[in-house]
Amino acid sequence: APRGRIRIVAKDIDLIAEGNGDDTGFVNIHSNAVIDMKTNELRAQTSDSIGMAAERKIDINCMQKIGLNAANVKVVESADVSIALGAGSNTIIQTIEGYKKLIESIVG
C-alpha cells in the first residue's frame with residue numbers, strides 16, 4: 001500500500017524469517033518518522049550483541065529499578081567543545097575520537 005496504511009489485527013502475530021543468517025533471515029523495519037511501540041513488557045534477546053545509537057539523545061527512564069549485569073562496563077563521555085583535551089574519565093584517544101564524531105556530525 002504505497003499510498004495507504006496496512007493494519008494487521010489478530011490475537012497473535014508472528015513475523016519469522018529463517019535464513020542462513022548471513023544473506024537471508026532478516027526482518028527490517030524502516031520508518032522516516034517514528035516507530036512507536038506500546039506494550040506491557042518489551043524483551044530483546046540476541047546471541048551476539050545489541051546496539052543503540054542516536055545523534056542527539058537516548059533516554060532511559062524507570063520509576064523503580066534498573067539492573068545492569070555485565071563482566072565489564074565502560075562509560076565514555078562525549079566530546080564537548082568546552083571540555084579540555086583529556087578531561088574527565090576519557091583517555092586522550094577517546095577524547096580525540098569524540099571530537100572527531102562531533103565534527104563529523106556538524107559537517108555532515
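Since the structure is predicted, the reported quantities are computational estimates derived from the model, not experimental observations.
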Problem set entry | Co-members of Ile103 in a cluster of I, L, V, M, F, W and Y side chains, linked at under 4.5 Å |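 Its cluster partners, ordered by chain and number, are Val107.
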Exercise. Which ILVMFWY residues are connected to Val73, directly or by a chain of links, through side-chain heavy atoms under 4.5 Å apart?
Worked result: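 For the cluster that includes Val73, the remaining residues are Leu68.
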Exercise. Which residues satisfy the side chain to side chain donor-acceptor pair (under 3.5 Å) test with Arg7, sequence neighbours excluded?
Worked result: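 Per chain and number, Arg7 pairs via side chain to side chain donor-acceptor pair (under 3.5 Å) with no residue.
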Problem set entry | Sequence-distant partners of Glu41, side chain to side chain donor-acceptor pair (under 3.5 Å), two or more places apart |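 For Glu41, the residues satisfying side chain to side chain donor-acceptor pair (under 3.5 Å) (neighbours in sequence not counted) are Arg43.
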Problem set entry | Reported CE-to-CG distance for the pair Met37 and Leu42, which is rounded to 0.5 angstrom |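 CG of Leu42 is found 5.0 Å from CE of Met37.
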Problem set entry | CG-NZ distance between Asn40 and Lys38, expressed to the nearest 0.5 angstrom |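 Going from CG on Asn40 over to NZ on Lys38, the span is 10.5 Å.
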For this session: Kindly write out the residues that satisfy salt bridge (charged side-chain N to carboxylate O under 4.0 Å, His left out) with Glu18, not counting sequence neighbours, or none if the list is empty.
Result: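 Not a single residue meets the salt bridge (charged side-chain N to carboxylate O under 4.0 Å, His left out) criterion with Glu18.
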Exercise. Taking all non-hydrogen atoms of both residues, which atom of Thr24 and which atom of Gly19 are closest, and how far apart?
Worked result: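 Minimum heavy-atom contact is OG1-CA, 3.2 Å.
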For this session: Work out which heavy atom in Val27 is nearest to a heavy atom in Ala17; give both atom names and the distance.
Result: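 Looking at all heavy atoms of both residues, the shortest contact is CG2-CB, 3.8 Å.
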For this session: State whether the number of non-hydrogen atoms from other residues, nucleotides or ligands found under 6.0 Å of Ile50 atom CD1 is greater than 12.
Result: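 Yes, the 6.0 Å shell around CD1 holds more than 12 heavy atoms from other groups.
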Listed partners of [X] passing side-chain contact (heavy atoms from CB on, under 4.5 Å), at least two apart:
X: Asp36; answer: Val34
X: Ser31; answer: Ala33, Ile35
X: Ile13; answer: Ile8, Ala10

For this session: Can you tell me which residue pairs pass the salt bridge (charged side-chain N to carboxylate O under 4.0 Å, His left out) test with a partner in residues 48-72, sequence neighbours excluded?
Result: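 Qualifying pairs, neighbours excluded: Lys57-Asp59.
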